[in-house]
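Note that this is a predicted model, so its numbers are computed, not measured. Values below: every heavy atom of this structure, side chains too, minus hydrogens, waters and symmetry copies. Just so we're on the same page: letters track the sequence lines, and every chain starts at 1.
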Number of protein chains: 2
Amino acid sequence: MTASAALSHSPLDGSLFASLRELLGARLSTAAAICAQHGKDESYHTPYSPDAVVFAHNTDEVSAIVKLCAEYKTPVIAFGAGTSLEGHVAALAGGICIDMSEMNRVLRVNAQDLDAIVEAGVTRKQLNEHLRDTGLFFPIDPGADASLGGMAATRASGTNAVRYGTMRENVLTMTVVLADGRVIRTARRARKSAAGYDLTRLFVGSEGTLGIITELTVRLYGIPEAISAAVCAFPNLEGAVDTVILTIQSGIPVARIELLDEIQMAAINKYSKLDHQVAPTLFFEFHGTPGGVAEQAEMVKAIAGDYGGDDFRWATTPEQRSKLWQARHDAYYAALALRPGSKGLATDVCVPISRLAECIGETKRDLAASSIPYALVGHAGDGNFHLVFMLDPDRPEELAEANRLNERMVNRALAMEGTSTGEHGVGYGKMDFLIAEHGEAVSVMRKIKLALDPDGILNPGKIIRI
Amino acid sequence: MTASAALSHSPLDGSLFASLRELLGARLSTAAAICAQHGKDESYHTPYSPDAVVFAHNTDEVSAIVKLCAEYKTPVIAFGAGTSLEGHVAALAGGICIDMSEMNRVLRVNAQDLDAIVEAGVTRKQLNEHLRDTGLFFPIDPGADASLGGMAATRASGTNAVRYGTMRENVLTMTVVLADGRVIRTARRARKSAAGYDLTRLFVGSEGTLGIITELTVRLYGIPEAISAAVCAFPNLEGAVDTVILTIQSGIPVARIELLDEIQMAAINKYSKLDHQVAPTLFFEFHGTPGGVAEQAEMVKAIAGDYGGDDFRWATTPEQRSKLWQARHDAYYAALALRPGSKGLATDVCVPISRLAECIGETKRDLAASSIPYALVGHAGDGNFHLVFMLDPDRPEELAEANRLNERMVNRALAMEGTSTGEHGVGYGKMDFLIAEHGEAVSVMRKIKLALDPDGILNPGKIIRI
């Protein structure tokens, strides 16, 4: 994506600045380094700095900030942990960035209801740390230690989604500040409801373009009585993919089933100092009762065996498991480390599971003609996989080629009834794909955007052009 | 609800009628009996006939009908199986009812992807019958043999929701005709996506007020290797409710856990010719591997025993199970049969599980002062329960009292962070409760309604007043 993503940008109004200063004192910054840090995420997309960054402490403050921005028609962008991958926080038209990281209180754990109420800046690891003595956990795990508000805003998922769902399924209700500063609750805390339009699901995945999430109630789960994890190498990628497909089709409730190609395995061996076989590999995790876990593992082993999988290498202690999954989570950084100094471009298609082998196969054949190094890793149980292209930032032709390969991948996935983004979101990187994917339905999204944010101040230039 | 729910009603325009006749021929009816049948559901709410009923055969026809209605600003209401409970299909402002029952083709079963594409008029029993030889089933089961389009439109759930979720979790994508007749797909068929606003979840539960669902892709599940069902009676309602709560809190993946009070048990014994103990009772169903089902049942038996539950009465053969659940599904009719000639008013609150015992207890105390007969039945695992008041239609004071009791129940549930409707929806019966429940958020719903249906032709007078 080139600098042309920038939108027209008015300088920050002096009266707005003075009002924000009065409201927030030292928690308003225009320091170039602070602004730069808040205009970039972990992607290759060109960063754009906001004009100022404010550090909010509660919903009322966010409401007051948004009211002021609305008055001056000034863009306002929420910032969680900055771990997004499609330029979500880039201030394309300048404006005010609201940093949510100091809104990081776990407000209430309703252990009996298996839910927790948190401020938007609480990260997933922080929540799980907080829950340590309760026997409960929050499963959604995109790898990065993202904020829960940011995860809701991008409809994040990750390795556990095959069993526990995505943020779509795991947010019960949210407090949201609207474009005019009013505050709403999207729903009650009941597990289900048929009371009107599903505003919770509308704001989940809206990437800060319809409102700013300040608090959310998320579902928790009992820590399973038994957990075991295993690694299984295959002679070829097809065998690994077919194992995933048959496991899902058999309805085996695996908690995690992750696919890594041989390049990715070499990368994590090196980066995380491991000694796994350098071959297409599946990482599994099983949750349940001791009997249930054993049963699941037996069934999956039998399937893997039929496709040439070798013996399971078990990670049974919490330490071994933690090491295994940390290595999986570091896959992106491990891939980049294979080519020192490189920047990553991560693709994110997701297809119906019946098309997964075909989609990966065609993609690999297409890539054979390319010279850009890449690694493949994926939440294969959902039909979702990523390539990480390791790009030389000094060679713009590599970025152009990776973009072409990605575009062909997206079109391939769309032709297979899949989506351009399984979990990373649209940001400003995938707006054109959105049109290819949804066609006429994008006009409905646009109408909703205009109805809820008529002046277009909320995270402008993301998801849809208005 | 009184006749005051009617909205202003213009007579059907002659040119519109002529155009519809040209389009649909004999599939357009203005016969009084047909119109009357299409303006009423299964509830106590006053029915309102549409001016004409059309029987659509495909999405293009629905699109053409809606385009014509848009041109003449004439109300248009979709009709599935007519089994809703809050006056959803009442033509408060007259207009055209589109009967979807002849759009009843199962278009494609994607067995490998565990989903099926159906026209909106396919009923849940029809789909399961169609799936008979595939080893798959569609779990959502509101009791009535509702159409899948109608179930999506009201965000239906039922006895299996505690394990499999509601229509919210089980619709992957839909074809929807918008208020101007344009046709959109709400999403791709991939299991997850982060590509823009979640239009699927927006239209699920929108009760025909934002668009008309003509096709939908629903999730399927493998029929479990083992299924067993059991009945357990308790000395008092508290013991039964506490058993539900602890079962859910323990994370035991029961497929069904249904609560019936002693009145309801007497009713189904009589109506379905059964001989269950007349006491507060739980109906269970367990799904899984043979070992897993045995394990779940043992855990639940132990919990029930602690709360005074008697021995489980097992229903192990498919025939026994089918008889058991048919009796549960007939609970509403069984209750009404206790008072011949009565009409039912069904309440539908849902609270966080930790408040369920308190909510039911307070409700029962409130009811002690009332003389209207009622029975209690509920999807207790979701925190959702219903009272059926059996009303003498010749005594309007009974309806008034039942409405007062229901209002107190809703306010009680809202005070406990619950919802006014777990699964029946809003229709025209619960619009006032919606405001009590969502406050300011209703204005967001209104903005969305106005953005997508500016002339208010789609099912006017439902969910929100515009």
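For the atom pair B:Ile248 CD1 and A:Asp113 CG, the distance stands at 11.0 Å (nearest 0.5 Å). Rounding to the nearest 0.5 Å gives a distance of 5.5 Å between OG of A:Ser193 and NE2 of B:His438. Rounding to the nearest 0.5 Å places CG of A:Asn110 at 6.5 Å from CD of B:Glu417.
Contacts of A:Val183 with chain B are made by backbone atoms alone, with heavy-atom separations under 4.5 Å and no side-chain atom involved. Of the atoms belonging to A:Thr166, it is side-chain heavy atoms, and not backbone ones, that fall under 4.5 Å from chain B. With a 4.5 Å cut-off on non-hydrogen atoms, A:Leu246 does not touch chain B at all. Looking at B:Leu178, the atoms closer than 4.5 Å to chain A (heavy atoms on both sides) all sit in the side chain, from C-beta outward. Only the side chain of A:Glu207 comes within less than 4.5 Å of a heavy atom in chain B; its backbone stays farther off. Of the atoms belonging to A:Ile353, heavy atoms from both backbone and side chain fall under 4.5 Å from chain B. With a threshold of 4.5 angstrom between heavy atoms, A:Asp382 approaches chain B through its backbone and through its side chain.
For chain B, the option among A:Cys350, A:Ala413, A:Gly205 with the highest count of heavy-atom pairs below 4.5 Å is A:Cys350. Taking chain B as the reference chain and counting heavy-atom pairs below 4.5 Å, the highest number among A:Gly196, A:Gly383, A:Gly288 is found for A:Gly196. Most heavy-atom pairs under 4.5 Å with chain A, from the set B:Ser250, B:Gly418, B:Ala187: that is B:Gly418. Of the residues considered (A:Gly425, A:Gly439, A:Gly222, A:Ser420), A:Gly425 shows the highest number of contacts with chain B, using heavy-atom pairs under 4.5 Å. Here A:Lys192 is the residue among A:Lys192, A:Arg155, A:Arg168 with the most heavy-atom pairs under 4.5 Å with chain B. When each of A:Thr186, A:Val162, A:Leu210 is checked for heavy-atom pairs under 4.5 Å with chain B, A:Leu210 comes out on top. For the options B:Gly211, B:Ser157, B:Gly292, heavy-atom pairs under 4.5 Å to chain A are most numerous at B:Ser157. Ranking A:Met167, A:Glu295, A:Glu86 against chain B, the residue ahead of the rest is A:Glu295, based on heavy-atom pairs under 4.5 Å.
By a heavy-atom distance cut of under 4.5 Å, A:Ala441, A:Ser443, A:Val444, A:Met445, A:Lys447, A:Ile448, A:Lys449 are the residues of residues 441-450 of chain A near chain B, going up by number.
The backbone N or O of A:Glu437 lies less than 3.5 Å from a partner atom in the side chain of B:Arg188, making a donor-acceptor pair.
Contact record, A:Thr154 with B:Ala194: O-CB, 3.7 Å, taken as the closest heavy-atom pair. The two residues B:Ser354 and A:Gln112 make their nearest non-hydrogen contact at CB-OE1, 3.6 Å.
B:Arg355 pairs by the salt bridge (Lys or Arg N to Asp or Glu O under 4.0 Å) definition with B:Glu358, not counting sequence neighbours. With sequence neighbours excluded, the residues forming a salt bridge (Lys or Arg N to Asp or Glu O under 4.0 Å) with B:Arg201 are B:Asp198, listed by chain and number. Take B:Arg182 and apply the salt bridge (Lys or Arg N to Asp or Glu O under 4.0 Å) test, not counting sequence neighbours, and it matches A:Glu440, B:Asp180.
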